[in-house]
Amino acid sequence: MVRTRYAPSPTGFMHIGNLRTALYEYLIAKHENGAFILRIEDTDQQRYVEGAEDAILETLRLTGLNYDEGPGIGGDYGPYIQSQRKADYLPPALRLIESGQAYYCFCTKQRLSSLADERGIMKYDRYCLHLPKEEIASRILSEPYVIRQLIPEGKTTFHDEVYGDITIDNNELEDQILLKSDGMPTYNFANVIDDHAMAITHIARGCEYLTSTPKYTLLYEALGWPLPRFVHLPLLQNDAGQKLGKRNGAISIPQLIDMGFLPEAIVNYAALLGWSPPDNKEIFTLDELTQVFDATNISKSPSTYDVKKLTWVNGEHVKALPPEVFAAMALPYLQAAVKKPGTDYNRLAVITQPRVSLVNECGELVDFIDALPEYDIELYTHKKMKTNPDIARETLKLAISSLETLCDWNHTAIGEAVAIKAEENGYTKGQILWPLRTALSGKPSTPCGATEIAELLGKDESLQRLAIGLKKLEV
RNA sequence: GGCCCGUUGGUCAAGGGGUUAAGACACGGCCCUUUCACGGCUGAAACAAGGGUUCGAAUCCCUUACGGGUCACCA
């Protein structure tokens, strides 16, 4: 059974990069009907951020990446918070010491930092590797210590599902710390212990871990455990070409949602960053992604987050929303933009749904209903409609005269009335409808035509606006 | 700096020895349309550079350049 895990540390919010990692973990598991596990890696008490864990849980919930095992819901391999598994890390470390694959180290941080070169790069010199057993036995009782893994000579090769075989010379690797002086495991060590304990089969993570993966494989080998499959993901970068991160302008998922992006669109877009299906389809629901996702189609090169494409993807999802769902989502924005009594908000929702990329844009599309905005008479000029302010002055007069007496105030009747009038006086439909729409809305573009706007506004308001328009043109 | 990875239009990306080098976003034009949008059509726009290997290289190899990652008692 395929088992994957998303293993964030509670140090901040989730941005699109984190979400993509979680998503791929989810998809790899779900594509095979496997299990997706959430594990919180809080072994660094210094960096712990209050509320970060809840924020992560919330983001996963909003985006529909439901985990099968994890904090809050438990599972057969719990607990799923590393600080609660503290007792599990010492035994394997001791086992490695017994077999000569790890050793105690009492070096102080001062001594360690004195080992650094001018660039601050250092490699442990194995000062404590050959300490006499008796000395170790007594110092353990009185001094802080760490446990380090003894990296063997040679080269280490591992296979990555995306990058292929990668070989690194072991002398590039330091005798890494397994257990810190506070008794907590380091990230690398806890990762290996827990992934094995939780029977994780696939590890997807950013390729910033590519060079440290040999350390993991060495650990698995030392402990005699089978290796999981590694799926390293190309980095996501910002416009400056830097790895996307909290410090590099990445915005959080809840923030994106606040901006009007739909969770399913964010998920859809995240999937496309570094992966594409064989048929090049671009719009997917999470279920559809689950069907077609294949880790072998993940690309090796980094990609850049592009809000324009996200916006387009969002627009596609908005259009696909059931009308009543869109109406419910749009209602607050429509109500804020249009306060006129008797407004049919469902109608406004129907009109705006196919025309917005972001739900919260629907308000500004219809805000002219409440109040006619100030506009320039140059709006009456339209080359294709063959209109200009002079023609508009005449056709507006015709429109007013034909509508004043119109009893049946609906857009069909309005359209017929003005069309006949225009024709009688030698004008085209466009020459009367363009000025009509302009005078009624005061905007260069509106979400529907002149006659619909007139119906929406009602007879009195419409005639009033036409009079205002005419007055502007007569000055 | 050592090591690792990468480099196809502005962006996301197909293509893994023979293609007129797909498609999508954004941008321009045209059509449709009483506006906008949708839709349709269309335009401009790319294989980092140099060497090999080959009848033939975006594709394989080497070098260079550029970009990124990584070298913690952080994850």
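Basis for what follows: all heavy atoms, side chains included, without hydrogens, waters or symmetry-related copies.
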If we call it a pair only when both distances are under 3.5 Å in a Watson-Crick or G-U wobble match, what pairs with [N]?
N: G1(B); result: C71(B)
N: C47(B); result: none
N: A26(B); result: none
N: A37(B); result: none
N: U7(B); result: A65(B)
N: G18(B); result: C55(B)

According to a strict under-4.0 Å criterion, is [X] in side-chain N/O contact with OP1 or OP2 of [N]?
X: Ser303(A); N: U11(B); result: no
X: Thr211(A); N: C5(B); result: no
X: Thr43(A); N: A75(B); result: yes
X: Lys180(A); N: C74(B); result: yes
X: Thr446(A); N: C36(B); result: no

| said: Taking atom types as they are modelled, would you say the side chain of Lys309(A) forms a donor-acceptor pair with the base of A24(B) within the 3.5 Å cutoff? | reply: yes

Proximity to the side chain of [X] - top-ranked nucleotide from [options]:
X: Met385(A); options: A26(B), U35(B), C73(B); result: U35(B)
X: Ile166(A); options: C4(B), A72(B), G69(B); result: C4(B)
X: Ser445(A); options: C36(B), C4(B), U7(B); result: C36(B)
X: Arg355(A); options: A75(B), A37(B), A24(B); result: A37(B)
X: Ser299(A); options: U34(B), C3(B), A13(B); result: A13(B)
X: Pro302(A); options: C12(B), G6(B), C73(B); result: G6(B)
X: Tyr163(A); options: C4(B), C5(B), A26(B); result: C5(B)
X: Asp44(A); options: C12(B), C74(B), U35(B); result: C74(B)
X: Arg47(A); options: A72(B), A26(B), A75(B); result: A75(B)
X: Asn280(A); options: U11(B), A22(B), C73(B); result: A22(B)

Do [X] and [Y] meet the cation-pi criteria used here (NZ or CZ under 6.0 Å from the six-membered ring centre, within 45° of the axis)?
X: Arg20(A); Y: Phe293(A); result: no
X: Arg139(A); Y: Phe106(A); result: yes
X: Lys86(A); Y: Tyr89(A); result: no
X: Arg111(A); Y: Tyr127(A); result: yes
X: Lys472(A); Y: Tyr375(A); result: yes

| message | Both Tyr216(A) and Gly274(A) contact RNA chain B. Which one's nearest nucleotide lies toward the 5' end? | response |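 Between the two, 5'-proximity favours Gly274(A).
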
| Given that Ala450(A) and Ile168(A) both sit by RNA chain B, which one's nearest nucleotide is further toward the 5' end? | Ile168(A)

Can you tell me how far [atom1] in [N] sits from the matching atom in [M], rounded to whole Å?
N: A46(B); M: G23(B); atom1: C1'; answer: 14 Å
N: G9(B); M: A45(B); atom1: P; answer: 14 Å
N: C71(B); M: G15(B); atom1: C1'; answer: 36 Å
N: U42(B); M: C60(B); atom1: C1'; answer: 38 Å

| request: For Leu236(A) and G6(B), give me the distance from atom CG to atom P, rounded to whole Å. | output: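 About 17 Å, once rounded to whole Å.
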
| query | Should the pair Trp434(A) and His382(A) be assigned to parallel (<30°), tilted (30 to 60°) or perpendicular (>60°) ring geometry? | reply | tilted

| said: Using every non-hydrogen atom in the two residues, find where Phe230(A) and Asp160(A) come nearest and quote the distance to one decimal. | reply: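 The answer is O-OD1, 3.2 Å.
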
